[in-house]
**Student:** 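Can you read through this structure? Questions will come right after.
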Amino acid sequence: MTIKKILIANRGEIACRIMRTCQRLGISTVAVYSEADAKALHVEVADEAILIGPPAARESYLDMNKIIGAAKTAGADAIHPGYGFLSENEDFAEACEKAGIIFIGPPPAAIRAMGGKSEAKALMEKAGVPLVHGYHGDKQDEKFLEAEAEKIGFPVLIKASAGGGGKGMRIVEGRKGFSEQLTGAKREAKAAFGDDHVLIEKYLIDPRHVEIQVFADKAGNTVYLFERDCSVQRRHQKVLEEAPAPGLSEATRKKMGEAAVAAAKAIGYVGAGTVEFLLDAKENFYFMEMNTRLQVEHPVTEYITGLDLVELQIRVAEGQKLPFAQKDLKIDGHAMEVRLYAEDPANNFLPGAGQIKFLRFPLESDKVRVDTGVREAPFGQGDVISIHYDPMIAKIIAHGKDRATAIANLSRALDETMIAGPKTNLAFLRALLGNKAFASGKISTHFIKAHEKELLPAKAASSKEALALAVLGLLNEREKPAAAADASSPWNDRSAWRIGGAETETFKFTDHGKEHIVAVSCKKGVAQPDVTVDGAKFSAAVEPSSYDLSYDAKLDGKQYNAALLHEGRHLTLMYGSHHEDLHYLDPLAFEAEDDEADGRLHAPMPGKVVAVRVELGSKVKKGQPLIIVEAMKMEHTIIAPADGEVLSIHARVGDQVDEKLELIAFK
Ligand code: ADP
């Protein structure tokens, strides 16, 4: 049968990405959206869109009845679940079948077989796929698990069997910490997946995460589309993926591919799937789990194979045979993807949220691809990264004839990317791509930890060039409303300084405890001012954009494209690979209260208090855990920033706390 209309049971970048293929194939698309996503890009891109409920995923994107109801209302022949949400839910796949709607994914039985990490390991053991040594049985009492951990040998890893996204996972170094880590893992697993079943594995030292993309049709043809190396991780979660895996031998590639195909065949797999392995320095590999869906990082495989995996999924779901055999598949060049997240690398990559105030993506080409669910923001009115969903903003993917070229192309793409609003990992990603050890291909799952200092450099002093550009941005900002409203307005005449304005004006900044003075004189008009930074003179020119916060500037003949976000005394300046937070002594803005340093600790984001580790009057040491808050399905430990004594505690276990709410005060 031919699929003519697909409902996409997802949001964000993956929904938009699936629609791209559907549009190319002439298939109509139906979006579903929650109240939080009424203005989201995926709703705009779709041919039709149906509201399915309030922001909380449980009441919208995870509610199968509403989604199947929407598919029926729209008359869709098929549902594509994307990844996350209902993509690995066998009940959902079954419910689609019952409703006479094609589920674009594997059969429910295959999802069930790989659903729990424990069950999957037991199955793979039987199929002869190598496993990480460990315990993955049913017994769950603490004493028993501790004895198993002892047998396996520390360090061990406790994993939520229902786990995903690195949640419910704890490393245990020795018997001493076992009980507490088990409790933590179970609590996190229960909160995130409603199931606290865990397994225990030998914790491999410095492995790589290498996974195999498999594809199968309904006739039983099963192939592997080579590997992806996803070793570069923080919090056990991927942040950069590439294909092929650097330095992997042809023999191991073939062995891993064949093991993955065996795994897929063992469960009667159909469609796109990924078999995840850990790989050690001697190229021994061990099965971790199988993801029975499309992966976030599938674009790197698309680049090196020239295939559209979503199209293949649709064709296979229609009952067509795979149009190639294993021997027809070849690796073309090298591809690399980075995930741009709203998160704070300096604060243990804590996920963030908030409105995007400025956004600029690189131009797409045959070498650069951007998958996103948010759009560029005219005049500070961008999309919102919501606390209800994953904080990923975009994936930026590049291809090259070899790894070095892919890195160079991706670096250039990141230099063309600008974002202001929520904290992001953009500067971190740039540092990662520019890192020498990374360039040498010596990566492992500990890469980020091992290179933290180089990847998270302390903020350098702002350059004169940055201060000059910031001031040009401030001048430009004054011109904006006129420019935006009416290009022919006399107020928009850029040949003369604004009416009533002074000939020379000074702007003050503080940076690293030093004051900087930027003086501007506009004898030749505001478009061509002279700018003096701490006594050094630049001849300048500035040309605004009528669309957003960006402007073209020239300093002593050198050309820049910059953007400036002005929020009181805080300026965010972006140009090239620079992203600078500047402290501008704006005479019109009040100094924001600076209470970070005085011993008052706040909730990092809205969440629930799950543990309070101190009492009134407790003497604490720097780094000691004080309170644990669960937010966005993860536990965040608030630690003492210095030695001190607890003066007051403002939260109890079970409290729902708002962002910035004071939790603890101490001396
Ligand atoms: P999730 O499903 O939550 O993403 P995975 O089982 O896929 O969890 O593991 C996530 C990451 O944790 C892996 O990519 C790897 O970096 C690390 N990891 C998992 N198991 C082990 C192990 N036994 N030894 C060392 N690292 C591991």
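Order of listing sets the numbers, starting from 1, for every ligand and every atom in it.
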**Student:** Give the residue, atom name and distance (to 0.1 Å) of the protein heavy atom nearest atom 22 (C) of ligand 1.
**Tutor:** L278 CD1, 3.3 Å
**Student:** Below 3.5 angstrom, do we get any N/O pair linking E289 and ligand 1?
**Tutor:**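 Between E289 and ligand 1 (N or O atoms, distance only) the closest approach is under 3.5 Å.
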**Student:** Report yes or no: is the cationic atom of R403 (NZ for Lys, CZ for Arg) under 6.0 Å from the centre of the six-membered ring of F438, at an angle within 45° of the ring normal?
**Tutor:** yes
**Student:** Could an N or O of ligand 1 be found under 3.5 Å from any N or O of V132, whether backbone or side chain?
**Tutor:**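 N/O-N/O distance under 3.5 Å: no.
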**Student:** Do the side chains of H209 and E276 get nearer than 4.5 Å, heavy atoms only?
**Tutor:**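 They are in contact (side-chain heavy atoms under 4.5 Å apart), so the answer is yes.
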**Student:** Side chain, backbone, both or neither: which applies to K238 and ligand 1 if a contact is any heavy-atom pair less than 4.0 Å apart?
**Tutor:** neither
**Student:** Suppose I only count heavy atoms of E276 and a 4.0 Å limit; which atoms of ligand 1 are within that range?
**Tutor:** 7 (O)
**Student:** Between F428 and R234, is there a cation-pi geometry (under 6.0 Å to ring centre, at most 45° from the normal)?
**Tutor:** no
**Student:** Considering only heavy atoms of K159, which atoms of ligand 1 have at least one such atom less than 4.0 Å away?
**Tutor:** 6 (O), 19 (C), 20 (N)
**Student:** Give me the one residue out of K395, R339, R228 that meets side-chain hydrogen bond (donor to acceptor under 3.5 Å, both in side chains) with E241.
**Tutor:**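 In the set K395, R339, R228, the residue that makes a side-chain hydrogen bond (donor to acceptor under 3.5 Å, both in side chains) with E241 is R339.
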**Student:** Give the numbers and elements of all ligand 1 atoms closer than 4.0 Å to a heavy atom of G164.
**Tutor:** 1 (P), 2 (O), 3 (O)
**Student:** Using side chain to side chain contact (heavy atoms under 4.5 Å, CB included), reason through I18 and I14 one step at a time and then give a plain yes or no.
**Tutor:** CA-CA 6 Å; I18 293 165; I14 187 59; 3.9 Å; yes
**Student:** Near E201, which atoms of ligand 1 are under 4.0 Å from a heavy atom of that residue?
**Tutor:**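 It comes down to these atoms of ligand 1: 20 (N), 21 (C), 22 (C), 23 (N).
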**Student:** Backbone or side chain, does any N or O of M169 fall under 3.5 Å from an N or O of ligand 1?
**Tutor:** no
**Student:** Report the nearest protein non-hydrogen atom to atom 26 (N) of ligand 1: residue, atom name, distance rounded to 0.1 Å.
**Tutor:** Y203 CE1, 3.5 Å
**Student:** Quick check: does any side chain N or O of E227 sit under 3.5 Å from a backbone N or O of G257, one acting as donor and the other as acceptor?
**Tutor:**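 Not a single qualifying donor-acceptor pair exists.
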**Student:** With heavy atoms of L157 as the reference, note each atom of ligand 1 found under 4.0 Å away.
**Tutor:**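 Going through ligand 1 atom by atom, the ones under 4.0 Å from L157 are 18 (N), 19 (C), 20 (N), 21 (C), 22 (C), 27 (C).
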**Student:** Tell me, which protein residue and heavy-atom name are nearest atom 24 (N) of ligand 1, and how many Å apart are they?
**Tutor:**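 Closest protein heavy atom to atom 24 (N) of ligand 1: L204 N, 2.9 Å.
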**Student:** What atoms of ligand 1 come closer than 4.0 angstrom to any heavy atom of H209?
**Tutor:** 13 (C), 14 (O)
**Student:** Check whether any heavy atom of Q237 sits under 4.0 Å from an atom of ligand 1.
**Tutor:** no
**Student:** For G153, does its backbone N or O pair with a side-chain atom of K202 as donor and acceptor, under 3.5 Å?
**Tutor:**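 Checked: pair present.
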**Student:** Any side-chain donor paired with an acceptor under 3.5 Å for T183 and R187?
**Tutor:**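 The criterion, which ignores hydrogens and geometry beyond distance, is not satisfied for R187 and T183.
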**Student:** Which of the atoms of ligand 1 are close to Q233, meaning less than 4.0 Å from one of its heavy atoms?
**Tutor:**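 Contacts of ligand 1 toward Q233, numbered from 1: 11 (C), 13 (C), 14 (O), 15 (C), 16 (O).
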**Student:** Any idea which protein heavy atom is nearest atom 17 (C) of ligand 1, and the distance to it?
**Tutor:**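 I find the closest protein heavy atom is H236 ND1, 3.8 Å.
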**Student:** Regarding E211 and T274, is there a side-chain donor-to-acceptor distance under 3.5 Å anywhere?
**Tutor:** no
**Student:** Nearest protein heavy atom to atom 2 (O) of ligand 1, by residue and atom, and its distance?
**Tutor:** K117 NZ, 2.5 Å
**Student:** Purely on distance, is any nitrogen or oxygen of M288 under 3.5 Å from one on ligand 1?
**Tutor:** no
